[in-house]
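Read the structure below first, then the notes.
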Amino acid sequence: MILTIAKREFKSLFLSPLAWTVLAVLQGLLAYLFLTQVETFTLIQPKLASIDGAPGLADIVVTPLYGNAAIILLLVTPLLTMRLICEERRNKTLSLLLSAPISTADIILGKYLGSLGLLLLVVFLVTLMPLSLLVGGDLDWGKLAANLLALVLLVSAFTATGLFMSTVAGHPTVAAMGTFGVLLLLWILDWSAGMNDRRSELFEYLSILRHFQNLQSGQLSSVDISYFLLFTATFILLSIRSLANDRLQK
Amino acid sequence: MTNLITVDHLCRYYGKVCAVNEVSFTLAKGEVLGFLGPNGAGKTTTMQMLSGNLAPSSGQITINGFDLLDQPNQAKRSLGYLPDTPPLYKELSVQEFLHYCAELQGIAKNSIAQAINHAQERCGLTAVSHRLIANLSKGFQQRVGIAMAILHNPDVIILDEPTVGLDPIQIREIRALIRELGQDHGIILSTHILTEVQESCTHVQIIHQGQLILSESIAGLNKTMNTGSLHVTTRLPADTSLLLTIPGVSSIETLANNQLKIYCHVTDDTTRHIAETIIANGWELQELTPVKKSMEDIFIALTQDNS
């Protein structure tokens with residue numbers, strides 16, 4: 001049942017120009033950034049050759065690429081998730097799901113997986129770029145896998161936040177703005193933590209960026225992974241609660 | 001006969017406003033229940049609660065033996081619901097939309113195609129099955145909504161104002177469809193069009209300010225409607241006191257010269273007695289017309305009494 005809703009959601013995205021535009025624009029932007037990194041690498045390659053333990057192709061090309069992809073996705077995810085529940089409610093199509101023999105959790109998870117599908121597709125297309133380097137070079141597979149994992153966990157968290165905002169908000173743009181606000185705040189939280197040498201451990205822990213960069217560097221620590229999993233689970237649970245509350249509307 | 005729906009002391013508050021107050025009724029197989037009420041009477045709220053879209057403040061709803069709150073999925077499986085705004089995904093074609101609905105309703109994969117064909121035939125959608133819902137007229141969209149509600153052959157079908165926005169021919173077709181469906185399903189139909197209830201329902205309920213003020217079968221209602229009046233014109237003035245003695249006559253109103261309005265049971269017996277008395281006394285009967293109470297009269301009388 002969850003998959004039925006997810007499949008429908010995923011297909012519906014491609015019925016409008018939205019998904020195609022997002023894929024095309026993201027691919028274009030990231031390809032440009034990727035090529036600049038490759039250019040940089042070819043320029044400094046002779047110097048690197050003389051240094052012992054110098055950063056390799058993966059460090060110079062792959063890590064910045066995934067970092068950039070993360071920032072662009074921070075901007076794009078709110079636009080993709082804003083319509084999930086919000087628009088159904090506005091078009092009064094939500095009652096189709098609510099009166100069908102499925103639970104609220106099924107609806108939310110289906111919607112979640114459907115939109116996550118598109119973002120995973122974006123991640124897949126991004127990954128094709130470093131893989132294309134295999135034609136003329138060699139890659140640090142561990143680094144690439146770590147980056148891939150980091151980005152997948154990141155978009156899972158982004159989507160969950162967007163879904164929750166879409167369940168709460170009354171209008172899609174409000175949902176998009178809310179998602180963007182929350183995500184950006186959590187992203188930049190770390191900046192203030194470093195000020196005046198007084199580091200706030202709480203802010204440091206809450207910051208998405210810090211956990212993302214830890215994973216990107218190839219240090220797979222359970223703290224970072226469970227941060228993302230908890231983040232995602234919390235927002236999904238909140239969404240389920242919030243949708244169930246629709247029936248109560250005082 | 002077992003009841004498909006049992007509603008027990010249903011209440012719903014929005015803040016302090018009471019939208020539905022202590023509503024109880026039952027629905028059995030083969031019944032078409034017309035749910036009447038003026039705007040804002042609580043019809044849609046009741047429908048939403050019956051379909052599980054809205055939680056009741058108190059009270060119990062049992063569908064096909066399953067409690068709607070305790071076992072929502074089993075209860076909803078025997079339920080087809082068309083809200084006042086049909087929930088249609090406009091970017092899909094009729095076929096795609098019904099396929100999605102069939103999957104949501106948990107119809108087995110190998111019988112989905114058959115169920116869709118059946119529903120499309122019943123609602124006259126076969127010709128438009130590959131067109132986008134957004135491009136269909138309002139009437140066809142409404143039919144897609146009905147097809148969605150009957151797709152999984154539910155025992156109970158709830159239709160919230162199904163004929164709104166349809167042209168007269170479509171209205172007749174939909175009413176015929178409702179009567180046909182009513183033979184082997186239980187149907188609840190909400191409307192504020194009175195003739196609709198008279199034409200397609202077997203039972204009628206009037207809700208006003210959240211309370212049920214009438215619950216009656218159409219046959220019983222017709223009986224109430226017979227308590228009407230007779231319009232009598234004679235050539236010579238009639239003696240009203242003599243007419244009042246006839247059994248069944250409750251009161252007499254003099255309208256004009258030799259024109260009387262007699263309030264009585266409009267049954268053959270009383271009418272014959274009146275006619276005979278007039279002729280026997282030589283008042284020369286010129287006109288005798290039964291004035292039946294229409295459902296509209298009952299509706300207005302009931303809703304105004306309570307306000």
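Letters A, B, ... mirror the listed sequences (proteins, then strands); counts begin at 1.
Heavy-atom distances place both the backbone and the side chain of A:I102 under 4.5 Å from chain B. At a 4.5 Å heavy-atom cutoff, B:M49 makes no contact with chain A through either its backbone or its side chain. No part of B:P72 comes within reach of chain A, as not one of its non-hydrogen atoms sits under 4.5 angstrom from that chain.
For the pair A:R8 and B:L92, the minimum side-chain heavy-atom distance is below 4.5 Å. Taking the side chain as every heavy atom from C-beta outward, B:Q105 and A:P101 approach each other to under 4.5 Å.
In this structure, A:K11 does not pair ionically with B:E96, as no charged nitrogen and carboxylate oxygen lie closer than 4.0 Å.
Heavy-atom pairs under 4.5 Å with chain B peak, among A:M1, A:R247, A:K7, at A:R247. No other option in B:N73, B:L79, B:L54 has as many heavy-atom pairs under 4.5 Å with chain A as B:N73.
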*Apply the test side chain to side chain contact (heavy atoms under 4.5 Å, CB included) to residues A:S16 and B:E91: give CA-CA distance (whole Å), side-chain angles for both, the deciding distance (0.1 Å), then the verdict.*
CA-CA 8 Å; A:S16 70; B:E91 71 271 20; over 6 Å; no
_A:L15/B:Y89 under side chain to side chain contact (heavy atoms under 4.5 Å, CB included): CA gap, chis, key distance, verdict_ = CA-CA 11 Å; A:L15 289 178; B:Y89 292 105; over 6 Å; no
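Around atom CZ of A:F124, no more than 12 heavy atoms belonging to other residues, nucleotides or ligands sit under 6.0 Å away. Heavy atoms from other residues, nucleotides or ligands lying under 6.0 Å from CD of B:Q114 number 12 at most. For A:K92, the NZ atom is loosely surrounded, since the number of other residues' heavy atoms within 6.0 Å does not exceed 12. The 12-atom threshold is exceeded at OH of A:Y205, counting heavy atoms of other residues, nucleotides or ligands nearer than 6.0 Å.
Going from atom CG of B:L104 over to atom OG of A:S99 covers 9.5 Å, rounded to the nearest 0.5 Å.
Among all heavy-atom pairs drawn from A:L97 and B:Y100, the shortest one is CD2-OH, 3.7 Å. In plain terms, the two heavy atoms of A:T93 and B:P87 that are nearest each other are CA-CB, 3.6 Å.
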